[in-house]
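Count residues from 1 along the sequence.
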Amino acid sequence: MRPRVSVLDSALRNGNFSLHINPVRSDDAGLYEAQVTYNMKVQSCQVELGVVTVTLSPPRPVVENEPLLLSCNSSHQASLVETCWFHNGRPVLDSGAFCSLHGALYILRPTASDSGSWHCQLRYADNEIVSATHSLQVLGFDGPTNPVVYAAAGSAADLPCTLNYLPSAFGIHVVKAHWSHFVGGHLQNWSILQNQSSRSFPLHLPVVGPGDAGRYCCAVTVGNKMLSRDMTLAVITVTPGIQGPVSEGSHLLLTCSLTHPQGHERFQWKHLSSDSAGKKLTVATSHNLKDSRVQTGPILEIPQVSQKDVGIWECSIYGPEGRLGSVEYGLQITGAQVSGPPTVFSGQVTLGLMLTLFFLLMVCVLALGLQKRARLPASFPALERIVAVTVPKEMEENQKETIQQTEC
């Protein structure tokens, strides 16, 4: 291990007797004297070391929204005239977020974007200018300050909660996360425990509905400090104007709604399973894309539902940063609508029905006639087997007498 203070042996032969100090500390400031002995002669030189330091209060880790003080100090003895601060090479001006006073810079509500290089420059009355740089790490969350997560009703939702640095970078090995959601007068809680190898603590909701929408809070405990971030879950729903089965020919309205709109969202409807050659839909703005029908606005109006409208309709929500989320609605129709058909169509149905009945009647009559004709030769089959028999004369006369007596 290389010592913090050293003289390079390889440089001595070239007459370089420099003293190397790395890293420099505040107590290293002062007057240094070097003595060199050569051929019984002693030569000496003196060098004054001035140290400029940037101190951080409170010490690491620095977390978001916790007031922070950067102090710039120098061992130079002259009167200080001016102090300038730079963040990532850009001058820092006094504002609601920063305040400079007597060489110190106050950061009232630090955020993750304040991480980076902070450079202070001190100018003294004797025109001496000294400077120092400090690399600042502000522990916070990735992403926007108040994120909004968009999810379709009935789908899963993942709420992000990700730190911008690994806790192990600050010497912290155990981190706890706590989620909370206030809904219906009750507070829901979830606890997540992670080790130092992770900085992400998402909350997974398997199925969300309008009742799950609202404000969520993720609180992460890092050492003895706590960070928290609020976010909003906005649920997208589709409400049909007709409750129950949709009949062919009916007038249908589909309304796409958002539980927690931010005011910048735009709605767009798209038919995912129909040809763009279908009939035009009555909306304020409408245009066709390849193999799809697209409309803008939260309400989709279909004046007369037909087979071409069957399938999946997708409502997408867009913002300045692009597509935010979407929800799908499956449209199925039950059949032809009975009430109020056109007159010509009704006449056609009646005429066709009469012709069909007449044709069936003729077929039945013809079938009965053929069946009767086929049965005539075999109407009295017993007669075909009769044989002529000769009756004796005496029996014939006795039968005649019997008949006569009966008649008398």
Side-chain angles (χ1 to χ4, degrees), residues 64 111-113 140-164 177-184 186-190 192 199-220 227-241 252-273 281 283-287 289 292-301 311-331:
E64 282 186 330
T111 63
S113 61
F141 296 95
D142 277 342
T145 304
N146 294 303
V148 180
V149 177
Y150 297 83
S155 66
D158 291 295
L159 305 184
C161 184
T162 305
L163 300 176
N164 56 347
H178 179 80
W179 282 91
S180 59
H181 174 50
F182 189 79
V183 56
H186 301 282
L187 185 65
Q188 296 178 335
N189 295 280
W190 302 268
I192 303 174
R199 59 188 181 95
S200 182
F201 311 91
L203 176 64
H204 178 74
L205 302 174
V207 180
V208 297
D212 300 310
R215 206 76 172 169
Y216 287 77
C217 178
C218 174
V220 180
L227 301 84
S228 63
R229 165 155 293 186
D230 292 337
M231 64 189 64
T232 301
L233 174 62
V235 178
I236 314 169
T237 58
V238 174
T239 305
L252 179 63
L253 293 178
L254 297 179
T255 303
C256 187
S257 58
L258 192 62
T259 56
H260 291 75
Q262 305 299 306
H264 56 72
E265 294 90 353
R266 294 179 292 105
F267 295 82
Q268 184 182 84
W269 281 96
K270 183 178 181 181
H271 198 188
L272 301 181
S273 55
L281 303 179
V283 292
T285 304
S286 178
H287 59 280
L289 297 179
S292 64
R293 290 154 61 185
V294 177
Q295 299 183 31
T296 59
I299 299 178
L300 172 70
E301 180 180 5
I312 302 299
W313 286 90
E314 180 186 64
C315 174
S316 299
I317 297 180
Y318 291 86
E321 61 273 31
R323 181 171 169 172
L324 305 175
S326 65
V327 64
E328 293 181 354
Y329 176 82
L331 176 58

Open item on the list: Going by salt bridge (charged side-chain N to carboxylate O under 4.0 Å, His left out), name the residues that satisfy it together with Asp230, two or more places apart in sequence or in a different chain.
Closed with: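 For Asp230 there are no salt bridge (charged side-chain N to carboxylate O under 4.0 Å, His left out) partners, ignoring immediate neighbours.
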Open item on the list: Under the rule for salt bridge (charged side-chain N to carboxylate O under 4.0 Å, His left out), what residues qualify as partners of Glu314, not counting sequence neighbours?
Closed with: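 Salt bridge (charged side-chain N to carboxylate O under 4.0 Å, His left out) list for Glu314, sorted by chain: Arg323.
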Please report the interatomic distance [atom1]([X]) to [atom2]([Y]), rounded to the nearest 0.5 Å.
{"X": "Glu328", "Y": "Lys270", "atom1": "CD", "atom2": "NZ", "value": "11.0 Å"}
{"X": "Cys161", "Y": "Met231", "atom1": "SG", "atom2": "CE", "value": "6.0 Å"}
{"X": "Cys218", "Y": "His178", "atom1": "SG", "atom2": "NE2", "value": "9.5 Å"}

Task: Stepwise side chain to side chain contact (heavy atoms under 4.5 Å, CB included) test for Leu163 and Phe141 - done: CA-CA 4 Å; Leu163 300 176; Phe141 296 95; 4.0 Å; yes
If you compare all heavy atoms of [X] against all heavy atoms of [Y], which two are closest, and at what distance to 0.1 Å?
{"X": "Ala234", "Y": "Thr259", "value": "CA-OG1, 3.5 Å"}
{"X": "Ile236", "Y": "Ser326", "value": "CD1-N, 3.7 Å"}
{"X": "Val149", "Y": "Pro160", "value": "CG2-CD, 3.8 Å"}
{"X": "Asn164", "Y": "Ala112", "value": "ND2-CB, 3.3 Å"}
{"X": "Trp179", "Y": "Pro202", "value": "NE1-C, 4.1 Å"}

TODO: Please test Leu159 against Leu233 for side chain to side chain contact (heavy atoms under 4.5 Å, CB included), starting from the C-alpha separation and ending with a verdict.
DONE: CA-CA 8 Å; Leu159 305 184; Leu233 174 62; 4.2 Å; yes
Contacts of type side chain to side chain donor-acceptor pair (under 3.5 Å), residue [X], not counting sequence neighbours:
{"X": "His204", "result": "Asp158"}
{"X": "Thr111", "result": "Ser113"}
{"X": "Glu64", "result": "none"}
{"X": "Ser257", "result": "Thr237"}

Task: Main-chain N/O of Ile299 paired to Glu301 side chain as donor or acceptor, under 3.5 Å - done: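 No: the side chain of Glu301 does not pair with the backbone of Ile299.
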Open item on the list: Quick one, Gln268 with Ile317, criterion side chain to side chain contact (heavy atoms under 4.5 Å, CB included). Give me CA distance, side-chain angles, the key distance, then yes/no.
Closed with: CA-CA 6 Å; Gln268 184 182 84; Ile317 297 180; over 6 Å; no
Taking only distance into account, with no hydrogens and no angle test, what donor-acceptor pairs under 3.5 Å do side-chain atoms of residues 207-216 form with protein atoms, sequence neighbours excluded?
from   : atom 1 : to     : atom 2 : distance (Å)
Asp212 : OD2    : Gly209 : N      : 2.9
Arg215 : NH1    : Thr232 : OG1    : 2.6
Tyr216 : OH     : Asp212 : O      : 2.7

Open item on the list: Please enumerate all residues that pass side-chain contact (heavy atoms from CB on, under 4.5 Å) together with Cys315, with sequence neighbours excluded.
Closed with: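 Counting only residues at least two positions away or on another chain, Cys315 forms a side-chain contact (heavy atoms from CB on, under 4.5 Å) with Cys256, Phe267, Trp269, Val327.
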Is any side-chain heavy atom of [Y] closer than 4.5 Å to one of [X]?
{"X": "Phe182", "Y": "Gln188", "value": "no"}
{"X": "Leu254", "Y": "Leu331", "value": "no"}
{"X": "Arg229", "Y": "Val220", "value": "no"}
{"X": "Leu324", "Y": "His264", "value": "yes"}

TODO: Go through the steps to decide whether Tyr329 and Leu300 satisfy the test side chain to side chain contact (heavy atoms under 4.5 Å, CB included), and finish with yes or no.
DONE: CA-CA 11 Å; Tyr329 176 82; Leu300 172 70; over 6 Å; no
TODO: Write out all pairs satisfying salt bridge (Lys or Arg N to Asp or Glu O under 4.0 Å) with one or both partners inside residues 142-156, taking only residues at least two apart or from two chains.
DONE: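 The answer is Asp142-Arg199.
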